Amino acid sequence: MKKIILLLTLLMMMFTVSACDYPDKPAILFNQRPITKENVMDMSSVFAPNTRIYYLILMPQVQNSRFLDIQIIKKGSNEYLGYSLYMTRTIRLKDEEQKYYTDYFVLSEKGAYIMKVFSHDNPAKVYTQAEFYVK
């Protein structure tokens with residue numbers, strides 16, 4: 001009888017604890033070449049100055065807003081607590097881009113950078129962020 005109760009308790013715990021129903025989180029992938037299906041996993045986080053930095057913003061859930069705000073922040077400067085706003089961009093998502101957005105930018109200054117993605121409707125909430133370097 002003890003073995004049956006132990007087995008049922010173990011099975012019940014296994015089903016309740018191991019059920020992963022978490023939604024996928026947004027992410028940013030960087031690449032040195034234009035991003036396609038073949039090279040999407042050739043990620044890089046170190047780039048040379050004055051070269052194109054291609055990025056892919058993955059949004060697993062359809063966004064309420066058609067606009068996203070992108071910020072690139074340089075670390076290590078002395079303007080505001082060691083961070084300075086380097087570039088901002090507001091993008092409009094097309095119908096076919098409801099779950100992803102891809103583009104590129106060029107940076108000429110060496111340093112460590114952070115890229116943040118916000119909703120245009122709620123600029124206080126960060127969807128995702130990623131760090132990269134220009135060396």
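Numbers here simply count residues along the sequence, with the first being 1. The model shown is predicted, which means the values in this text are computed figures rather than measured ones.
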> Same cluster or not: are Ile57 and Met43 linked, directly or through other Ile, Leu, Val, Met, Phe, Trp or Tyr residues, by side-chain heavy atoms under 4.5 angstrom apart?
Replying inline: no
> Who are the salt bridge (charged side-chain N to carboxylate O under 4.0 Å, His left out) partners of Asp121, not counting sequence neighbours?
Replying inline: none
Which side-chain N or O atoms in residues 105-112 pair as donor and acceptor under 3.5 Å with protein atoms at least two apart or in another chain?
unit_1	atom_1	unit_2	atom_2	d
Glu109	OE1	Lys74	NZ	2.9

> By side chain to side chain donor-acceptor pair (under 3.5 Å), which residues pair with Asp69, not counting sequence neighbours?
Replying inline: Thr90, His120
> Hydrophobic clusters join Ile, Leu, Val, Met, Phe, Trp and Tyr when side-chain heavy atoms are under 4.5 Å apart, directly or via other members; which others share one with Phe67?
Replying inline: none
>> Is there a path of hydrophobic side-chain contacts, each under 4.5 Å between heavy atoms of I/L/V/M/F/W/Y residues, joining Ile70 to Tyr54?
In response: no
> salt bridge (charged side-chain N to carboxylate O under 4.0 Å, His left out) with Arg33: which residues, sequence neighbours excluded?
Replying inline: Asp42
> For Lys75 and Glu131, what are the C-alpha separation, side-chain angles and deciding distance, and is it a side chain to side chain contact (heavy atoms under 4.5 Å, CB included)?
Replying inline: CA-CA 10 Å; Lys75 293 171 48 174; Glu131 189 171 322; 3.3 Å; yes
> Which pairs, with at least one residue in residues 45-55 and sequence neighbours excluded, count as a salt bridge (Lys or Arg N to Asp or Glu O under 4.0 Å)?
Replying inline: none
>> The criterion is salt bridge (charged side-chain N to carboxylate O under 4.0 Å, His left out); which residues satisfy it with Arg89, sequence neighbours excluded?
In response: Asp103
>> Go through it in stages, so that I can follow the logic: the residues are Gln71 and Leu85, the test is side chain to side chain contact (heavy atoms under 4.5 Å, CB included), and I'd like the CA-CA distance, side-chain angles, deciding distance and then a yes or no.
In response: CA-CA 7 Å; Gln71 288 183 348; Leu85 186 61; 4.0 Å; yes
> What do the steps show when you test Gln129 against Val117 for side chain to side chain contact (heavy atoms under 4.5 Å, CB included), and what is the final call?
Replying inline: CA-CA 6 Å; Gln129 68 182 23; Val117 179; over 6 Å; no
>> Hydrogens and angles aside, do Asn122 and Ser119 bring a side-chain donor and acceptor to less than 3.5 Å of each other?
In response: no
>> Restricting to side-chain contact (heavy atoms from CB on, under 4.5 Å), what partner residues turn up for Lys135, sequence neighbours left out?
In response: Val46, Tyr133
> Partners of Asn50 by side chain to side chain donor-acceptor pair (under 3.5 Å), sequence neighbours excluded?
Replying inline: none
>> Please determine whether side chain to side chain contact (heavy atoms under 4.5 Å, CB included) holds for the pair Phe118 and Val126, giving the CA-CA distance in whole Å, both sets of side-chain angles, and the decisive distance to 0.1 Å.
In response: CA-CA 5 Å; Phe118 302 89; Val126 178; 3.3 Å; yes
>> Rounded at 0.5 Å granularity, tell me how far CD1 in Ile28 sits from CZ in Phe132.
In response: 9.0 Å
> For Leu56, what residues pass the side-chain contact (heavy atoms from CB on, under 4.5 Å) criterion, not counting sequence neighbours?
Replying inline: Leu29, Ile35, Val40, Leu58, Tyr100, Thr102
>> I'd like to check the side chain to side chain donor-acceptor pair (under 3.5 Å) partners of Ser44; sequence neighbours left out, ordered by chain and number.
In response: Gln32
> Roughly how far, to the nearest 0.5 Å, is the OH atom of Tyr55 from the CE atom of Met115?
Replying inline: 4.5 Å
> Is a side-chain N or O of Arg66 found less than 3.5 angstrom from the main chain of Leu93, in a donor-acceptor match?
Replying inline: yes
> Which value, rounded to the nearest 0.5 Å, describes the distance between Lys99 atom NZ and Met59 atom CE?
Replying inline: 10.0 Å
>> With a 6.0 Å cut-off on the ring centroids, do Tyr113 and Tyr86 count as close?
In response: yes
Table please: side-chain donor-acceptor pairs of residues 1-14 below 3.5 Å, with sequence neighbours left out.
unit_1	atom_1	unit_2	atom_2	d
Thr9	OG1	Ile5	O	2.7

